[in-house]
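Read the structure below first, then the notes.
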2 protein chains.
Amino acid sequence: MRRGKPNDPGRRSRILEATLDVIRTDGISAVSYRGVAAHAEVPLGSMTYYFPTLEGLILSALDSTRSDLEPRYAAPLRGARTPADVVDALVDATIGSTSPSLTDIRLYEEIRHYGARDPKVAAVLQAVEDDALAMLQPVVPTSIALAINALLWGWWSHRLAHPDTSLDEATVRRPYEAIVALAGPDHPFQAEGLNDG
Amino acid sequence: MRRGKPNDPGRRSRILEATLDVIRTDGISAVSYRGVAAHAEVPLGSMTYYFPTLEGLILSALDSTRSDLEPRYAAPLRGARTPADVVDALVDATIGSTSPSLTDIRLYEEIRHYGARDPKVAAVLQAVEDDALAMLQPVVPTSIALAINALLWGWWSHRLAHPDTSLDEATVRRPYEAIVALAGPDHPFQAEGLNDG
DNA sequence: TCCAGGTGTGTACCATCGTACGCACTAGTG
DNA sequence: CACTAGTGCGTACGATGGTACACACCTGGA
């Protein structure tokens with residue numbers, strides 16, 4: 001039995017979007033009920049109605065990014081058939097068309113920052129990383145996948161710290177090549193790649 | 001003409017140390033005059049006396065870490081004579097004896113986080129990174145030094161996100177080897193190293 | 001039409017915090 | 001000893017923000 005009508009069904013998601021906007025612009029620590037309410041153009045009472053606690057709001061907002069972050073650089077990696085494809089995908093995810101914008105890196109950094117102290121967010125991060133590792137699994141051994149993840153995050157972090165300078169493609173590509181090559185010809189993927197060629 | 005006596009000369013630096021403690025534990029956003037005052041066991045009035053603005057306090061605290069961070073992994077790198085030495089130093093800085101503790105990584109992460117929005121802190125970061133690049137300069141070309149920095153930060157960041165798991169040494173070492181090897185035998189350093197051997 | 005219960009909101013309370021400011025204390029100087 | 005200027009600190013004010021809560025509104029049923 002459903003009584004009373006929600007007179008603005010999209011309100012909840014609009015609040016989440018506004019929250020992410022605030023996080024992107026001023027960071028998680030700047031998230032307040034009042035600020036987000038003003039940004040989303042909803043009354044303060046709506047905020048506490050949909051999100052009784054502020055932490056719940058932040059958690060929901062961060063969690064809602066998972067579906068955005070994951071496919072962006074996941075898809076190209078899934079399609080990779082040769083080591084060269086993998087390197088291409090990585091370079092692209094670092095500085096190319098599939099790479100996150102500076103504001104998105106900032107957002108991701110906010111999540112990591114928050115996750116360093118909040119176990120629930122840490123779990124979300126863990127899930128994202130596990131996905132990334134699983135995706136690299138058929139391509140390189142886990143230990144190398146870890147290094148690739150570390151380097152990718154390092155590059156993104158570099159971009160964030162140096163917004164004015166741009167990274168040369170070769171600068172990014174060669175270290176990826178070197179690391180991917182560590183998998184060596186014995187890794188199953190390599191044989192498959194050779195069969196294709 | 002100096003009148004009035006400072007009845008606790010070490011107070012200023014004690015405040016700075018307490019500030020860093022708070023940052024390490026709860027993050028920069030948790031830094032408040034009152035909290036730090038309680039932690040340092042000084043009256044609130046002392047805080048505003050030594051540090052008229054909160055931002056000034058934070059900036060001073062962060063800046064005071066520069067002298068600590070720099071020599072830690074700088075010294076081993078300076079002493080490196082062969083590519084193998086460099087790799088050793090990097091591995092050590094990542095997971096070994098010269099590597100920062102988890103709380104120190106957290107602190108460094110706080111600085112980066114804050115620096116993403118505060119130009120003055122960004123300048124401090126820039127200086128530290130410039131030092132690191134300069135130190136790697138005689139060893140590898142700049143582009144590779146950038147990759148090394150990115151990977152090092154990526155590993156540290158990984159440790160922060162996975163406090164319970166420990167990184168295998170080979171996992172860390174091999175990617176460093178691969179990247180350092182990119183410098184190739186034409187790089188001046190290599191010749192010097194061969195002469196030594 | 002009247003009732004009930006869920007939806008949505010305005011308001012107010014209380015805690016926290018940065019900051020200003022006046023006052024006390026100290027130690028040189030005449 | 002009195003005076004003065006710098007040092008150090010307790011207190012209070014104004015702003016901000018999370019949260020509780022009473023209240024208005026809407027819908028479906030009796």
Side-chain angles (χ1 to χ4, degrees), chain A residues 1-63 110 113-114 117-118 120-121, chain B residues 1-63 110 113-114 117-118 120-121:
Chain A
M1 187 190 333
R2 168 91 165 56
R3 300 196 186 167
K5 77 149 193 249
N7 60 8
D8 186 357
R11 177 158 297 188
R12 194 190 136 95
S13 57
R14 200 139 43 81
I15 291 175
L16 285 178
E17 202 46 56
T19 304
L20 286 179
D21 271 359
V22 172
I23 294 177
R24 272 186 275 255
T25 310
D26 299 321
I28 289 184
S29 61
V31 172
S32 73
Y33 274 138
R34 286 172 174 82
V36 173
H39 197 75
E41 293 180 331
V42 300
L44 175 60
S46 281
M47 299 294 300
T48 63
Y49 176 71
Y50 288 106
F51 303 95
T53 76
L54 190 66
E55 188 185 348
L57 169 63
I58 293 174
L59 253 52
S60 300
L62 296 188
D63 196 66
E110 289 287 338
H113 183 77
Y114 199 74
R117 287 192 178 82
D118 186 306
K120 291 186 187 162
V121 174
Chain B
M1 187 192 329
R2 167 91 167 53
R3 301 196 184 170
K5 79 148 190 256
N7 59 7
D8 186 356
R11 177 157 297 190
R12 192 190 137 94
S13 57
R14 200 139 44 83
I15 290 175
L16 285 178
E17 201 47 55
T19 305
L20 288 179
D21 271 358
V22 172
I23 294 178
R24 273 187 274 254
T25 310
D26 298 322
I28 288 184
S29 61
V31 171
S32 72
Y33 276 138
R34 286 174 175 81
V36 173
H39 197 77
E41 295 180 328
V42 300
L44 175 61
S46 280
M47 299 295 299
T48 64
Y49 176 71
Y50 287 106
F51 302 97
T53 77
L54 190 66
E55 189 186 346
L57 169 63
I58 293 173
L59 253 52
S60 301
L62 296 188
D63 196 66
E110 289 288 336
H113 184 77
Y114 199 75
R117 288 193 176 81
D118 186 307
K120 290 188 187 162
V121 175

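So you know, we letter chains A, B, ... as the sequences are listed, proteins then strands, and number each from 1.
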Which donor-acceptor pairs under 3.5 Å do the side chains of residues 31-40 of chain A make with protein atoms, sequence neighbours left out?
residue	atom	partner	partner atom	Å
S32(A)	OG	G35(A)	N	2.9
Y33(A)	OH	F51(A)	O	2.6
Y33(A)	OH	P52(A)	O	3.2
Y33(A)	OH	T53(A)	N	3.3
Y33(A)	OH	T53(A)	O	3.2
Y33(A)	OH	L54(A)	N	3.0
H39(A)	NE2	D21(A)	OD2	3.3

Whole angstroms only, please: what is the [atom1]-[atom2] distance between [X] and [N]?
{"X": "Y50(B)", "N": "dT7(D)", "atom1": "OH", "atom2": "C1'", "value": "8 Å"}
{"X": "L54(B)", "N": "dA15(D)", "atom1": "CG", "atom2": "C1'", "value": "15 Å"}
{"X": "F51(B)", "N": "dC9(D)", "atom1": "CZ", "atom2": "C1'", "value": "16 Å"}
{"X": "R11(B)", "N": "dG8(D)", "atom1": "CZ", "atom2": "P", "value": "8 Å"}

Report the residues that fulfil side chain to side chain donor-acceptor pair (under 3.5 Å) with [X], sequence neighbours left out, ordered by chain and then residue number.
{"X": "S46(A)", "answer": "R11(A)"}
{"X": "D63(A)", "answer": "R66(A)"}
{"X": "E55(A)", "answer": "none"}

Rounded at 0.5 Å granularity, tell me how far [atom1] in [X] sits from [atom2] in [Y].
{"X": "T19(A)", "Y": "L57(A)", "atom1": "OG1", "atom2": "CG", "result": "4.0 Å"}
{"X": "R12(A)", "Y": "E17(A)", "atom1": "CZ", "atom2": "CD", "result": "13.0 Å"}
{"X": "K120(B)", "Y": "Y114(B)", "atom1": "NZ", "atom2": "OH", "result": "9.5 Å"}
{"X": "L20(B)", "Y": "E110(B)", "atom1": "CG", "atom2": "CD", "result": "11.0 Å"}

Problem - Any side-chain heavy-atom pair of I58(A) and D118(A) under 4.5 Å - result: no

Completion exercise
Angle separating the five-pair end axes of the helix from dT1(C)-dA30(D) to dG30(C)-dC1(D), nearest 10°, is 30°

Exercise for the section: Go through the steps to decide whether V42(A) and R14(A) satisfy the test side-chain contact (heavy atoms from CB on, under 4.5 Å), and finish with yes or no. Expected result: CA-CA 9 Å; V42(A) 300; R14(A) 200 139 43 81; 4.3 Å; yes

Completion exercise
Note: contacts of residues 38-49 of chain A with DNA chain D (heavy atom, under 4.0 Å) are L44(A), T48(A)

Handout entry: Within residues 25-37 of chain B: residues closer than 4.0 Å to DNA chain C (heavy atoms)
Key = V31(B), S32(B), Y33(B), R34(B)

